[in-house]
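Here is the structure we will look at, set down as structure tokens.
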Amino acid sequence: QVQLVESGGGLVQAGGSLKLSCAASGGTVSSYITSWFRQAPGKGREFVTGISRSGGATAGATYYADSVKGRFTISRDNAKNTVDLQMNSLRPEDTAVYYCAASTSLHEFTSSRYDYGSWGQGTQVSVSS
């Protein structure tokens, strides 16, 4: 089972930017579907963005929730074995704990939290108005 550790969270003003990083160990991140989820206080864990595994018909394809399209960018660095999340034009409603997750699903991609068996500990992102 791959282990994941997030970093890069913090407090930022609305309109600002943050970059989160997810470092993987015990496995090669490019062989997993890897996604970012977030959970705001009192709400469920929701899909933010993901990237399909290397190889296959949709190798390296990226997917985004409508709420973050055009503002967030996911990328994978195979040499560093990391998956990063660049967040621009942040809004107060982006405030949440952000989690990195990896899936061994046989689908080309999945945004269902139930298909992800490896999770990081989470990193807090707070956006002030």
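Please read all numbers here as calculations on a predicted model, not as lab measurements.
- Residue pairs satisfying the side chain to side chain donor-acceptor pair (under 3.5 Å) criterion with at least one member in residues 23-34, sequence neighbours excluded, are absent.
- Taking Asp77 as the reference, nothing meets the side chain to side chain donor-acceptor pair (under 3.5 Å) condition, with sequence neighbours excluded.
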Stepwise side chain to side chain contact (heavy atoms under 4.5 Å, CB included) test for Val125 and Met87: CA-CA 10 Å; Val125 171; Met87 304 185 293; 3.8 Å; yes
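- What you find for Val48 and Val68 is that their closest heavy atoms are O-CG2, 3.5 Å.
- The closest side-chain donor-acceptor pair between Glu93 and Thr95, if any, does not fall under 3.5 angstrom.
- Partners of Arg91 by salt bridge (Lys or Arg N to Asp or Glu O under 4.0 Å), not counting sequence neighbours: none found.
- Both Ile51 and Val29 belong to a common hydrophobic cluster when Ile, Leu, Val, Met, Phe, Trp and Tyr are linked at side-chain heavy-atom distances under 4.5 angstrom.
- Listed by first and then second residue, the ring pair (Phe, Tyr, Trp, His ring centres under 6.0 Å) pairs involving residues 62-104 are Tyr63-Phe109 (not counting sequence neighbours).
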Anything under 3.5 Å between a donor and an acceptor, one on a side chain of residues 8-23, the other on a protein residue two or more places apart or in another chain? List them.
unit_1, atom_1, unit_2, atom_2, d
Ser17, OG, Asn88, OD1, 2.9
Ser21, OG, Asp84, OD1, 2.8

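- With rounding to the nearest 0.5 Å, the separation of OG1 in Thr62 from CZ in Arg76 is 10.5 Å.
- Judged as a side chain to side chain donor-acceptor pair (under 3.5 Å), and not counting sequence neighbours, Ser112 has no contacts.
- Atoms CD and CH2, on Glu6 and Trp119 in that order, are 9.5 Å from each other to the nearest 0.5 Å.
- In terms of hydrophobic clustering, with Ile, Leu, Val, Met, Phe, Trp and Tyr side chains grouped at heavy-atom distances under 4.5 Å, Ile74 and Leu90 are assigned to a common cluster.
- We find the CZ-CD distance between Arg38 and Gln124 to be 12.0 Å, quoted to the nearest 0.5 Å.
- Heavy-atom minimum distance, Ala24 versus Val2: CB-CG2, 3.9 Å.
- With contacts defined as side-chain heavy-atom distances shorter than 4.5 Å, the pair Phe37/Tyr116 qualifies.
- Minimum heavy-atom separation, Val5 to Gln121: CA-OE1, 3.8 Å.
- The backbone N or O of Gly117 lies less than 3.5 Å from a partner atom in the side chain of Gln1, making a donor-acceptor pair.
- We find the CD-CZ distance between Gln86 and Arg71 to be 12.0 Å, quoted to the nearest 0.5 Å.
- Distance check, rounded to the nearest 0.5 Å: OG1 of Thr104 to CG of Asp115 gives 8.5 Å.
- Counted by atom type alone, Ser52 and Glu108 present zero donor-acceptor pairs between their side chains at under 3.5 Å.
- With values rounded to the nearest 0.5 angstrom, Cys100 atom SG is found 9.5 Å from Leu85 atom CG.
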